[in-house]
Each structure stands twice: as C-alpha cells, then as structure tokens.
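One structure is given below, encoded as structure tokens.
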2 protein chains.
Amino acid sequence: MTIAAFTEHAVTSADKTFLQLRADIVEGAIAAGSKLSETELSAKYQVSRAVIREAINRLESCHLVERKANIGARVVSLTPEGLIQLYQVREALEGMAARLAAKNMSDDEITALKALLDNHFQTVKDGESYYQEAGDLDFHYRIILGSKNQHLIEVLVNGIYHLIRMYRVQLGMAGPRVTTAFDEHKHVVQAIANRDEELAEMLMRRHILYSKNNIERKLQQP
Amino acid sequence: MTIAAFTEHAVTSADKTFLQLRADIVEGAIAAGSKLSETELSAKYQVSRAVIREAINRLESCHLVERKANIGARVVSLTPEGLIQLYQVREALEGMAARLAAKNMSDDEITALKALLDNHFQTVKDGESYYQEAGDLDFHYRIILGSKNQHLIEVLVNGIYHLIRMYRVQLGMAGPRVTTAFDEHKHVVQAIANRDEELAEMLMRRHILYSKNNIERKLQQP
DNA sequence: ACCGCCTAAATTGTCGACATTACAACTTTA
DNA sequence: TAAAGTTGTAATGTCGACAATTTAGGCGGT
C-alpha cells in the first residue's frame, strides 16, 4: 500500500478540474495570492463556469483559496507567520493522532509500520535521499490513519497537508532533516508499539516542533 | 462585545440560504442523517438549485453534510463515537489555543477576560444557569481568538463548534457542569495571565477532557 | 491639480433548461 | 422461483444566458 491509496479518483468533471487546479496551485503554476477569474479559468480548462465555481468552492474548503462575495477568489498568500501557524496546528493534531494511534492501531498495523521504517532505514543507509518526501509522508499518514479519528484524518489529509506541501514547494524547502528525523520516527513507533499514549504524543509533538524550528531557521537566513 | 461579533452577515442569497440551512440542521429541524434533495430545498426556500448547491457546498465545508457524486448530500449522522472523536480533536486544538493565548494575548485582552469571569461568577452565584451556554462559549471563544492563529480559529469556530452544538441540541445534553467548570475556567485564565504556556495548555486540555468524560457518562446511562 | 460623480465594462451571482447518471420497477429467461 | 437484463423515472451534473454588483475611467467642478 502506498500513499496514493487516497487517490481521490475523479468521477465528475468538477472533480478533475478541482484536482488539476489544486495541483497547479500547490506546484505554483498558479501564483500564490493571484486572482482566480471564473471566466478566464472557464476558457482555459474548457468547462463551464458552473464547474469552475464548484472547483473553487472545494479549494476554499481546503483553505487553498479565499473567496469574497461579489469580488472573487484569490489563492492564499504565503507568509512566514502562516507557515509557523500551520505547524502549530499540525503539532497539536498529529500529537493527538500519535496518542490515539498508540491506543487504536491494530497489532498488524504496528507490525507493518515497523516494516516500513526498516525499509526506510535501507534507503537512508544507501544514501538515497528519496526518503525525504515519500517516506516521511508515508510514516505520518499511517499514524494519522491509525488514530481512527475521522475528523482528525479529514482535517490533516484533506486540509493541512496540501497547504504544507504548497509552502514546501514554493518556498523551495527541501524535505525534512533525513537522518535525525529517522531516529525520531523510530522512537515514535516504539512508543506506539508499547501502547504508551503519553510518550507517543510527546515524541510526535517534539518531532514536529523540531521541523518547525528547522524551518524557522531557514526562513530567517535565506 | 458578545459572541455574535462573528455574526457572519449574509450578503448574497446563497449566504442566507446557507445560514438558514445550517440553523435548521443544528437545531434538528432537518433530521440528522436525512437526505438533502436539491430540487426539494429549491422549492422550499424559493431559490434556484444553483444557490442550494452553493449552500450545500458550504455545509460540506463545515462537515455538517456529506456529498457523494451523482447521489446527493446527506446530513451527517450523530453517533456516540463521533462526539467522542470530536472532543478529542477539540482537546488537541483548544489546548494549543490556550498555549498560544498565554503567549500572544495582549494585557488588555487578559484583563477583559478576567472581567468576563467576574461577571460569570456573579451570575453563577445568583443561581442563574444562564451561564451554561453563552458564558462557556464566550470564554472559549476569547481564548481561541487570543491564540491569534488563523487556522486554529477557522477550524474551531467555523467547523467544530457548530458540530458540537448540533450534538448538544439533538442529544439533549445540557450545557457544561456549571460550578466545577467555572473553577476550571478561573485556573486557565490564571495560567494565561502568568504567561505559563505549558500550564495553560494542560489545564485547558483537562477542562475539555472532564467535559468529555461527563458526556460519556451521560451517553452510557440515558 | 485634486476630489467627487457618473457612466461603462467586466466580473460574480442567479436562473432555467438540458445531459447524464443512479435507482427502482418490471419483464424476461433459465 | 430466482437471477439477470431492460426500461422509466427522478435525481444530480453541466451548460449558456441574464441580473446584480464591483471597478476603472472619464468628465466636470472647485
């Protein structure tokens, strides 16, 4: 199983437009802070304004765009404070996710999670920095899903993660700190395996806090 | 200032329909789990299907309804597990909000918060149970806003709080435990006034955890 | 030159009609 | 009789046109 197990496969035309727009925004093909003209996008994507409006509505749900009545929609603008605030929310939610995962993950899921880390260890040892993106994501996703908390999953997977990815891509930040992050992952998994809710939450929060501090450092000296 | 400072005043027709639909859903005038037929609502509210669709989209953003492609929208169904999960998210987010409030609230805001508690103390002493709803809400809202974290505010105020209110109304739960909750509020404010982030978060989390336990007890013996 | 008003263009909001999909009832067949 | 296929109806998805609002520019006045 991979991250793309979530591959929200588009059934309707608005779905496809939404996914494409989201990709374009996250990747920066549509600049942050820019205006989303309905008529313009309607022409560009060869669909009616209705589906564009539908797509924009969903983008608003993800907090990727902001709409004002009778004025229009703009892509959110990226600010250092915004990224910090995002990480604060992430720390709170993923900390709770780790706590709940320690309580609710099945033994099989924990075994699989350990196996995942072993795989990552190989790739890290081989010097492949491939770990950066996919590996880190996979780890966090499994714990989020392991929480079995629908609200938590929704907010993180459909909301915050796309926003963070947008920041990563557009501010040109490389993935997380590879080797140290790997050790942190290992300790989180160990706590989950021990069913130690308190420790799992604390370790996950620190893991994310370190990431935040790392990012703050990079932001201050570009 | 009151809670209704947030009164999102409707400018467009879809706004009004959204607010009315949300009220009807939260109050139970539209039953939980029931289907939202676009054509039906279009006739009922005397607006075109386009504005109904727009309103339903926003309800989906609040997690009050769920939509499936080509099938339609249903009001979310209320389950004991759902409420528990909601409180878990709330614990994580409001805990972080209290931490950030201890860091970011202005001295004036803290003074006003203390004054608010004094007012509440009077009403509680006078035996008015009015405190239940409005007072508790006002307290939590101020701390959430005091966090100065836009994402936190968005998710809690526009999302989770309406859902919780829906549960409260429809499961017929009275407001929070009055007297004990008041003491808990006092301690949280004290920690914030002392700029003790760690303690503020811990106390707020416990406050919400107690609420959750209280609710679980009521759910198991109706 | 600056400010306010007014007009015109462009954009968003709303509408009704058509296309497409899902669901149910009925028919057919093994 | 049961299962599969078919057809009809009702719902959602999509479209183009019209209405209402915002915005930019020109015009006139001070």
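As the structure is a computational prediction, the values presented were derived from the model and not from experiment. Below, read A as the first sequence line, B as the second, and so on, with proteins coming before strands; counting in each chain starts at 1. The figures that follow rest on heavy atoms only: side chains count, while hydrogens, waters and symmetry mates do not.
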* Distance check: side-chain N/O of B/T12 vs OP1/OP2 of C/dT14, anything under 4.0 Å? -> yes

* **Pair B/E91 + A/R99: basic N to acidic O under 4.0 Å** => no

* Structure fact -> Closest non-hydrogen atoms of B/I71 and B/K35, given as atom of the first, atom of the second and distance, are O-NZ, 3.5 Å

* Keeping the roles fixed (side chain from B/R74, backbone from B/E66), state whether a donor-acceptor pair exists under 3.5 Å. => no

* To do: Scan side-chain atoms only and decide if A/D136 and A/H185 contain a donor-acceptor pair under the 3.5 Å cut-off.
  => yes

* For residues B/R58 and A/N57, is any side-chain donor paired with an opposing acceptor at under 3.5 Å? -> no

* **Electrostatic pair A/R53-A/E38, nearest N-O below 4.0 angstrom** => yes

* Asked: Closest approach of B/S211 and B/Y87, non-hydrogen atoms and distance?
  -> CB-CE2, 3.8 Å

* If every non-hydrogen atom of A/L163 is compared with every non-hydrogen atom of A/C62, which pair is closest and at what distance? -> CD1-O, 4.1 Å

* To do: Please tell me which of A/V11 and B/S48 maps to the more 5' nucleotide of DNA chain C, matching each residue to the nucleotide holding its nearest heavy atom.
  => B/S48

* Listed in order of residue number, which residues of residues 49-57 of chain B have a non-hydrogen atom at under 4.0 Å from DNA chain D? -> B/R49, B/R53

* **For chain B, the stretch of DNA chain D it reaches, first to last nucleotide, under 4.0 Å of its heavy atoms** => D/dA11 to D/dT14

* **A/M96 versus B/Q88, closest heavy-atom pair with distance** => CE-O, 3.4 Å

* Asked: Are the charged groups of A/R142 and A/D138 less than 4.0 angstrom apart, N to O?
  -> yes

When you compare the protein's N or O atoms with those of nucleotides 6-11 of chain C, which come within less than 3.5 Å of each other, and at what distance?
none

* To do: Starting from the 5' end of DNA chain D, give me the residue, A/A14 or A/A69, whose nearest nucleotide shows up first.
  => A/A14

